[in-house]
Amino acid sequence: ILNVEQSPQSLHVQEGDSTNFTCSFPSSNFYALHWYRWETAKSPEALFVMTLNGDEKKKGRISATLNTKEGYSYLYIKGSQPEDSATYLCAFAQIQGAQKLVFGQGTRLTINP
Amino acid sequence: ETGVTQSPTHLIKTRGQQVTLRCSSQSGHNTVSWYQQALGQGPQFIFQYYREEENGRGNFPPRFSGLQFPNYSSELNVNALELDDSALYLCASSLDVITDTQYFGPGTRLTVL
């Protein structure tokens with residue numbers, strides 16, 4: 001059974017501060033790692049799809065890194081804003097059955113004004 | 001917005017009944033995946049359809065079935081509903097079956113009494 005773990009489960013950050021959280025996944029047979037942002041009452045929104053070890057992706061104030069050898073990805077948010085409040089999900093795909101995304105339970109981020 | 005819609009938004013059924021949930025993918029997306037999200041967990045992969053054929057299935061019993069139509073719409077059918085089927089059901093469409101970004105709908109909240 002594939003296990004994708006995200007930590008912490010929830011996080012409260014002061015507006016303007018930077019923050020980061022972790023996604024851990026099996027290091028064998030890696031194919032891709034997805035990050036999504038999910039605001040309450042909306043659809044999950046794709047942030048990044050990462051496939052190569054050492055990949056770094058950036059979208060505005062949000063960036064992500066990938067280490068496939070040790071099985072982790074970090075998501076960073078610089079200068080947090082209230083609109084960053086959401087649940088951040090990562091999802092892992094293996095080479096065999098790569099169409100099956102295995103999601104972590106998410107990190108719930110709340111930005112305090 | 002992702003351009004993926006789902007209906008209905010909410011649904012209440014009783015144990016033993018059957019339910020059909022609907023999803024309308026983005027135009028041109030050949031792939032649709034369905035996920036179940038129980039409270040406090042990440043989405044779990046149910047199955048994926050590519051060009052109207054099932055293209056991978058998660059650990060769900062056969063009473064979970066699906067259909068995909070040429071007009072980019074799809075259905076998730078669940079027979080003999082059980083209390084544990086109460087969850088948020090998400091569909092996601094994508095261009096490709098593997099590493100392409102998945103675009104999620106807002107979900108259907110199913111409650112089984």
Side-chain angles (χ1 to χ4, degrees), chain A residues 1-10 21-25 29-53 55 57 59 64 66 68 73 86-108, chain B residues 1-7 9-10 23-26 29-51 53-60 64 66 68 87-109:
Chain A
I1 296 178
L2 297 177
N3 210 24
V4 177
E5 297 284 340
Q6 290 188 246
S7 63
Q9 284 193 6
S10 67
F21 26 92
T22 309
C23 172
S24 301
F25 51 86
N29 301 314
F30 174 86
Y31 197 90
L33 194 283
H34 297 232
W35 279 101
Y36 291 87
R37 173 171 60 198
W38 196 356
E39 295 178 65
T40 305
K42 293 189 176 180
S43 307
E45 173 200 354
L47 290 174
F48 308 113
V49 179
M50 308 174 80
T51 57
L52 298 175
N53 184 42
D55 236 357
K57 299 234 175 175
K59 185 177 182 179
L66 179 67
T68 61
S73 175
T87 295
Y88 290 81
L89 291 165
C90 69
F92 164 76
Q94 275 194 326
I95 293 174
Q96 293 88 4
Q99 69 276 37
K100 175 185 172 183
L101 287 183
V102 180
F103 280 83
Q105 78 279 23
T107 292
R108 184 170 184 83
Chain B
E1 293 302 319
T2 63
V4 179
T5 59
Q6 291 186 244
S7 62
T9 308
H10 295 90
C23 172
S24 180
S25 301
Q26 277 199 21
H29 283 189
N30 295 314
T31 306
V32 65
S33 303
W34 284 90
Y35 297 86
Q36 179 197 67
Q37 191 200 23
L39 209 58
Q41 296 180 23
Q44 280 201 298
F45 177 79
I46 303 175
F47 44 58
Q48 184 184 82
Y49 277 78
Y50 174 67
R51 297 194 182 213
E53 298 284 333
E54 189 178 290
N55 183 48
R57 190 176 182 93
N59 295 325
F60 282 81
F64 284 78
Q68 186 186 24
L88 181 70
Y89 289 85
L90 295 161
C91 74
S93 74
S94 58
L95 275 172
D96 194 358
V97 301
I98 302 181
T99 59
D100 200 39
T101 299
Q102 296 201 7
Y103 295 87
F104 281 84
T108 293
R109 172 74 61 188

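Letters A, B, ... mirror the listed sequences (proteins, then strands); counts begin at 1. Hydrogens, waters and symmetry mates are skipped; everything else that's a heavy atom, side chains included, is used.
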Note to self: To the nearest 0.5 Å, what is the distance between CD on B/Q48 and NZ on A/K100?
What the structure shows: 12.0 Å
Margin query: For chain A, which candidate among B/G58, B/S33, B/P106, B/P43 shows the most heavy-atom pairs at distances under 4.5 Å?
Written below: B/P43
Check: Considering all heavy atoms of both residues, which atom of A/L101 and which atom of B/F45 are nearest to each other, and what is their separation?
Finding: O-CB, 3.8 Å
Note to self: Just so I understand: if I count every heavy-atom pair under 4.5 Å between each of B/G56, B/G105, B/G107 and chain A, which residue has the most?
What the structure shows: B/G105
Item checked: Check: A/Y36 ring centre within less than 6.0 Å of B/F104 ring centre -> yes
Checklist line | Greater than 12 external heavy atoms within 6.0 Å of B/R57's CZ | finding: yes
Margin query: What part of B/I46 gets within 4.5 angstrom of chain A, counting heavy atoms only: side chain, backbone, both, or neither?
Written below: neither
Item checked: Atom CD of A/Q9 with >12 non-hydrogen neighbours under 6.0 angstrom -> no
Check: Shortest non-hydrogen contact from A/A46 to B/Q102?
Finding: CB-O, 4.2 Å
Notebook entry, point to check: Tell me, side chain or backbone of B/Y103 under 4.5 Å from chain A's heavy atoms, or both, or neither?
Noted result: neither
Next item on the list: Below 4.5 Å from any heavy atom of chain B, which atoms of A/F48 appear? Answer side chain, backbone, both or neither.
Entry: neither
Check: Checking heavy atoms, do the side chain of B/Q37, its backbone, both or neither come under 4.5 Å from chain A?
Finding: side chain
